[in-house]
Amino acid sequence: MPELPEVETVRAGLARFVLDREVAAVSVDHPRAVRRHVPGAGDFTSRLIGRRILSAQRRGKYLWLPLDSGEAVLAHLGMSGQLLVQPSTAPAEKHLRVRLQFADSGPELRFVDQRTFGGLSVEPMVEVDGDVVPVSIAHIARDPLDPRFEPARFVTALRRKHTELKRALLDQSLISGIGNIYADEALWVARLHYARPTEKLAPARAREVLAAAIDVMTAALAAGGTSFDSLYVNVNGASGYFDRSLQAYGREDKPCGRCGTPIRREPFMNRSSYFCPHCQRRPSRAVLPL
DNA sequence: AAGATCGCCTGCAGGC
DNA sequence: TGCCTGCAGGCGATCT
């Protein structure tokens, strides 16, 4: 499941292949893949043809390719999305959704997505807080690997919230790029339970969980992104493998790497939370004085 | 109005 | 064997 490190791996890979190339033809093979492009598939196609790709950018789990029209192709990989660079002679993938062919007749760009949670759109840009981003992601916060990310601002915003810590880490409008896997890993490293109330979290503890998130995602990025099944494949067609270094996620009943206590899995937000019941103590219900 | 929940979507593992 | 259920889970829409 692509989170920030995996998306960054794709972005970096794409940058090598699509820069300064002119789009010559587009085919949309599944309408759901462009459902966020409100004017429809025809409009999506016409906004791309004849346009040149200027760069490859990313914020959190979103990546986009600015065009010489001033708009950008925005992509989200969802659960199972892949952006593949393939020779035009390569047979169509089973879940091929969108295909971009270039005027130079070189390798084409394919969006492949089994579960169709991901998608593409072409959008104008908007300035938000000193950055220029596609309009539909104006509400997405900077991610912690962004040079303009402000830790103190995150800590303040986190402690103003009245929710559980993991919910906040997954809130892309508070901090972006963190998904279920790296949230569990960061909480394990910081020895914090997922249900800790954000409003009672000491600033030092908030800084620790942020540092942990940065650490686990930086390490994953260095390793080329995490993958658990064959669905996520990076732009070169090779799966990233970082899962062997995961300490909590997916390790139900396996010993905690610190204390040996079996890792526990609990339902959380229609998914799972993995944590060490010894290192990550459930918060008490007691109301603390301000 | 912020916070919590729902529905989307496919493939596969596991139970009977 | 094949049907059924649960699970994977990000995110916009919709509730409270």
Side-chain angles (χ1 to χ4, degrees), chain A residues 1-8 10 28-38 58-64 74-83 92-98 111-121 123 133-141 143 156-187 194-201 213 217 220 225-233 239 243 246 248-253 263-275:
Chain A
M1 310 84 195
E3 299 181 27
L4 186 156
E6 293 78 18
V7 179
E8 173 57 23
V10 172
V28 176
D29 300 309
H30 196 304
R32 207 176 130 75
V34 295
R35 68 191 180 284
R36 289 187 199 158
H37 188 92
V38 179
R58 182 190 56 75
R59 170 173 285 198
K61 304 171 196 172
Y62 289 88
L63 71 85
W64 66 92
L74 178 67
H76 195 291
L77 302 179
M79 294 283 297
S80 53
Q82 303 166 230
L83 282 165
E93 291 77 6
K94 181 177 181 185
H95 302 293
L96 178 60
R97 308 304 188 195
V98 179
F111 180 66
V112 177
D113 189 12
Q114 180 204 103
R115 297 180 199 168
T116 70
F117 275 43
L120 306 180
S121 57
E123 308 184 1
V133 300
V135 284
S136 74
I137 66 162
H139 64 293
I140 300 295
D143 63 66
T156 301
L158 176 73
R159 298 181 68 246
R160 265 204 282 264
K161 285 198 157 288
H162 294 262
T163 189
E164 296 174 349
L165 178 54
K166 185 172 171 180
R167 290 178 185 273
L169 293 176
L170 295 174
D171 180 350
Q172 305 295 301
S173 67
L174 180 68
I175 181 172
S176 69
I178 302 174
N180 201 39
I181 298 169
Y182 296 116
D184 279 359
E185 292 303 298
L187 289 166
Y194 66 81
R196 284 286 290 260
T198 50
E199 70 273 20
K200 295 178 197 166
L201 200 65
M217 291 199 294
T226 303
S227 178
F228 300 96
D229 50 40
S230 59
L231 291 179
Y232 169 72
V233 181
S239 293
D243 48 303
L246 293 180
Y249 183 87
R251 300 194 70 248
E252 184 178 19
D253 296 333
I263 296 292
R264 189 171 295 169
R265 178 175 73 89
E266 289 184 1
F268 176 85
M269 290 173 74
N270 277 333
R271 61 199 73 172
S272 294
S273 254
Y274 297 88
F275 65 102

Margin query: If you define the side chain from C-beta out and look only at heavy atoms, does anything of A/R36 sit under 4.5 Å from A/H76?
Written below: yes

Next item on the list: Using heavy atoms and a sub-4.0 Å distance, could you list which residues of residues 157-168 of chain A are near DNA chain B? By number, please.
Entry: A/K161, A/H162, A/T163, A/R167

Margin query: Quick check for you: name the first and last nucleotides of DNA chain B, 5' to 3', having an atom under 4.0 Å from a heavy atom of chain A.
Written below: B/dG3 to B/dG11

Next item on the list: Evaluate the side-chain proximity of A/Y182 to A/L4: yes if any heavy-atom separation is below 4.5 Å, no if none is.
Entry: no

Check: Hey, are the side chains of A/Y274 and A/L246 touching, using non-hydrogen atoms and a 4.5 Å cut-off?
Finding: no

Margin query: How many whole angstroms separate atom CG of A/L63 from atom C1' of C/dG10?
Written below: 15 Å

Next item on the list: Quick one: label A/Y62 by what it contacts on the DNA or RNA (base, sugar-phosphate, nothing), any heavy atom closer than 4.0 Å.
Entry: sugar-phosphate

Next item on the list: Measure the shortest side-chain to side-chain distance between A/V133 and A/I140 over non-hydrogen atoms and say whether it is less than 4.5 angstrom.
Entry: no

Note to self: I want to check something: taking the side chain as every heavy atom from C-beta on, are A/I178 and A/M217 in contact at a cut-off of under 4.5 Å?
What the structure shows: yes

Next item on the list: Write down the distance between CZ (A/R115) and P (C/dC11), rounded to a whole number of angstrom.
Entry: 14 Å

Check: Tell me: CZ of A/R35 to P of C/dC11, nearest whole Å?
Finding: 11 Å

Check: Going by heavy atoms in the side chains, are A/H95 and A/T116 under 4.5 Å from each other?
Finding: no

Notebook entry, point to check: Quick one: A/R36 CZ to C/dC11 C1', roughly how many Å, whole number?
Noted result: 6 Å

Next item on the list: Using a strict 4.0 Å threshold on nitrogen-to-oxygen distance, state whether A/D113 and A/R32 make a salt bridge.
Entry: no

Note to self: Between A/Q172 and A/Y62, is there a side-chain donor-acceptor contact under 3.5 Å, judged purely by atom types and distance?
What the structure shows: no

Next item on the list: Quick one: label A/H139 by what it contacts on the DNA or RNA (base, sugar-phosphate, nothing), any heavy atom closer than 4.0 Å.
Entry: sugar-phosphate

Margin query: Output the rounded distance in Å from CE (A/M79) to P (C/dG12).
Written below: 15 Å

Margin query: Rounding to an integer number of Å, can you tell me how far A/R32 CZ sits from C/dG10 C1'?
Written below: 11 Å

Check: Would you say A/R159 has more than 12 foreign heavy atoms packed within less than 6.0 Å of its CZ?
Finding: yes

